[in-house]
Amino acid sequence: MTETNTPPPTDFIRDIIDEDNRTGRHDGRVATRFPPEPNGYIHIGHAKSVCLNFGIAVQYGGTCNLRMDDTDPEGESLEFVESIMSDIRWLGFDWEDRLFYASDYFEALYDFAWRLIEDGKAYVCNLTPDEMREYRGSFTEPGTESPGRSRSIEENLDLFSRMRAGEFADGAYTLRAKIDMASPNIVMRDPIMYRIKRAPHYRTGDEWVIYPMYDFAHGLSDALEGITHSICTLEFENNRPLYDWFVEQLIPGDRPQQIEFARLNVSYTVLSKRRLIELVTRGFVNGWDDPRMPTVAGMRRRGYTPAAIRNFAAAIGVAKNDNLVDAGLLESCVRDDLNETAHRAMAVLRPLKVVLDNYPEGRSEEFDCANHPQKPELGSRRVPFSRILYIEREDFEEIPPKKYKRLAPGKEVRLRNAYVIRFDRLVKDEKTGEILELHCTCDPETRNGPPADGRKVDGVIHWVSAEHAVPAEVRLYDRLFGIPDPAGEDYLDHLNPDSLQVLKGCFAERSLGEAAAGSRWQFERIGYFCADEKDSLPGKPVFNRIVPLRDTWSKIAARK
RNA sequence: UGGGGGAUCGUCUAGUGGUAGGACACAAGAUUCUGGAUCUUGCUACCGAGGUUCGAAUCCUUGUCCCCCAGCCA
């Protein structure tokens, strides 16, 4: 976990826990849980919840369970279970031996339901889905009681056991809690506890044809695990009375309490499971781990660090306000972490050939370059230099704008870690006018310092030696959507067509040739890059742009 | 429309009757062999209207706006 000295976070949930501990509400215990449904990959919003639940457990010396909330077999799978586990571990959290599944409680839940029927608090209902909707009433009108409500306990028990035995067709019956069809809270209008659904479950197979609903299963699962603080998102606030109702009917003594906080929204992306699934299945991105995805797997492949995501979670806080967090804050956390840890290197994304006319042909030399200018302890590597180099195309302008500090006619510039060079002439393609190469003169006296005559050279550009450079593919990622809040049903219309730009003809300095898959670098003056986990090969590196460096110049240039 | 929540700098978030603070963003300067990093400085907020009080973001009244709920999803 993070080793920062920042004070422990405080928020309204921790306030509640402090107060509970003060009054001894749960005997001073703190037990949380993270309860994903394994029907998709977890994303940055889940990561916020993971940090909250596991973070609280660590902070209070309590426990946090991982529980797969797998009560609806449709869409659930082992693939998702495994991805969720690996993502949480990667984030830096540990559930130790406390991995649970709601599906492990199916038998216990069935018994709970049985008891409720025996107590006359649940009944088998034969309404069709359409009828059920009609009987439910509306916001302003109370519901109507189901005919099944007056069934005898014996008949309910018989019907329920036959539901389990598979005697009825899917949807023919439901088990409902007998609460209040006139409740102003629609959740309390005799909610469904069980439905018949012949779908194979990825864990229980065809053992069950009835499956418990979330509202029935969740609070009781919490109680079974001895959870004290059941933290969930705001849309479950209406469900809290029902959560409490089930638990109060069936659980004596100390009961878990549900606390709701606002789910995370991040600008220029979507975080609803439905939309994420659509992006993947309809091929708008290349899978759940596409580096543009806000999934943990996507961010990991992009090159984001666990620490950056944890710091982000701490920075956004926990509250009940609707929010749309600036994607720039996440990027800032990523830069902040990478600035400390990433080794520097040079790579040219859009090469422009430079010939140093006064540098002897066939000669080469090596420079010792710091891996981190502020951290000598991170060491250095040897970077070869020779007569023919590549520089970034945008680091030369024939007609430079005001304040331009790079190479231009009549100008000198420092080659990073190497010599000062002066522009002499250029060669253009006669037909297209495209600049083919630059010819420059290198000042051999400037290898280890500024020009002796006091000339000021304030521009510094990066370069690679053509002879020694490693060809590389670089994938530039940008925000997935073109508008800050793509929340509407037309969100696909706002996909950013330039969210991925693949650059094939890039050149990286020699040391980058063997970049380990997943390794992160700062390409000086450009940004942070990560050797792609899947596609990067020794000698044939593929880099993902994690996040660009802050670019003050582009802002200045854009103003004019 | 019934019920449940929420409104504080551009964004996120502190504050719980006593100087409205932090982070991101933004702006200016210093420094720099990364137009990066670092440092310094600045910037902007209590949804409206009444009231209580010596004093209100905080308490009261009232209004406005936003979000969630009518899946056999979670």
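Just so it is clear: chains get the letters A, B, ... in the order the sequence lines come, proteins before strands, and each one is counted from 1.
Base engagement by Q522(A) is indicated by at least one non-hydrogen atom pair under 4.0 Å involving a base atom. In this structure, K320(A) reaches the sugar-phosphate backbone alone: every heavy-atom distance under 4.0 Å involves primed, P, OP1 or OP2 atoms, never a base. Within 4.0 Å of R447(A), counting heavy atoms only, lies at least one base atom of the nucleic acid. Using a 4.0 Å heavy-atom cutoff across all strands shown, N417(A) reaches at least one base atom of the nucleic acid. At a threshold of 4.0 angstrom between heavy atoms, the contacts of I192(A) include nucleobase atoms, whether or not backbone atoms are also involved. Backbone-only contact: R133(A) has heavy atoms under 4.0 Å from sugar-phosphate atoms and none from a base. Residue-level contact check: A262(A) touches neither bases nor backbone, having no heavy atom under 4.0 Å from any strand.
Within the 4.0 Å cut-off from OP1 or OP2 of C72(B), at least one side-chain nitrogen or oxygen of R136(A) is found. Contact annotation: K555(A) side-chain N/O to C26(B) OP1/OP2 distance is under 4.0 Å. For A7(B), the OP1/OP2 oxygens have a side-chain nitrogen or oxygen of N321(A) closer than 4.0 Å.
The distance between the ring centers of Y194(A) and Y211(A) does not fall below 6.0 angstrom. Taking the six-membered ring for Trp and the full ring otherwise, F160(A) and Y123(A) have centroids separated by 6.0 Å or more. Proximity of the aromatic rings of Y101(A) and F106(A) is defined here by a centroid distance below 6.0 angstrom, and this criterion is not met.
For RNA chain B, the stems formed by at least three consecutive Watson-Crick or G-U pairs, with both atom-pair distances below 3.5 Å, span B:2-7 with B:64-69, B:10-13 with B:21-24, B:26-30 with B:38-42, B:47-51 with B:59-63.
On a pure distance criterion of 3.5 Å, no polar donor-acceptor pair joins the side chain of D551(A) and the base of G35(B).
Remark: A313(A) engages C51(A) in a side chain to side chain contact (heavy atoms under 4.5 Å, CB included) (not counting sequence neighbours).
Geometrically, R416(A) does not engage W463(A) in a cation-pi contact defined by less than 6.0 Å to the ring centre and at most 45° from the axis.
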Give me, pair by pair, the N or O atoms of the protein and of nucleotides 37-45 of chain B that are less than 3.5 Å apart, along with how far apart they are.
unit_1: A37(B); atom_1: OP2; unit_2: R550(A); atom_2: NH1; d: 3.1
unit_1: A37(B); atom_1: O2'; unit_2: N339(A); atom_2: ND2; d: 3.2

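Between A57(B) and C46(B), the two P atoms lie 10 Å apart (nearest whole Å).
Taking a centre distance below 5.5 Å and an interplanar angle below 30 degrees as the stacking criterion, F139(A) stacks against the six-membered base ring of C69(B).
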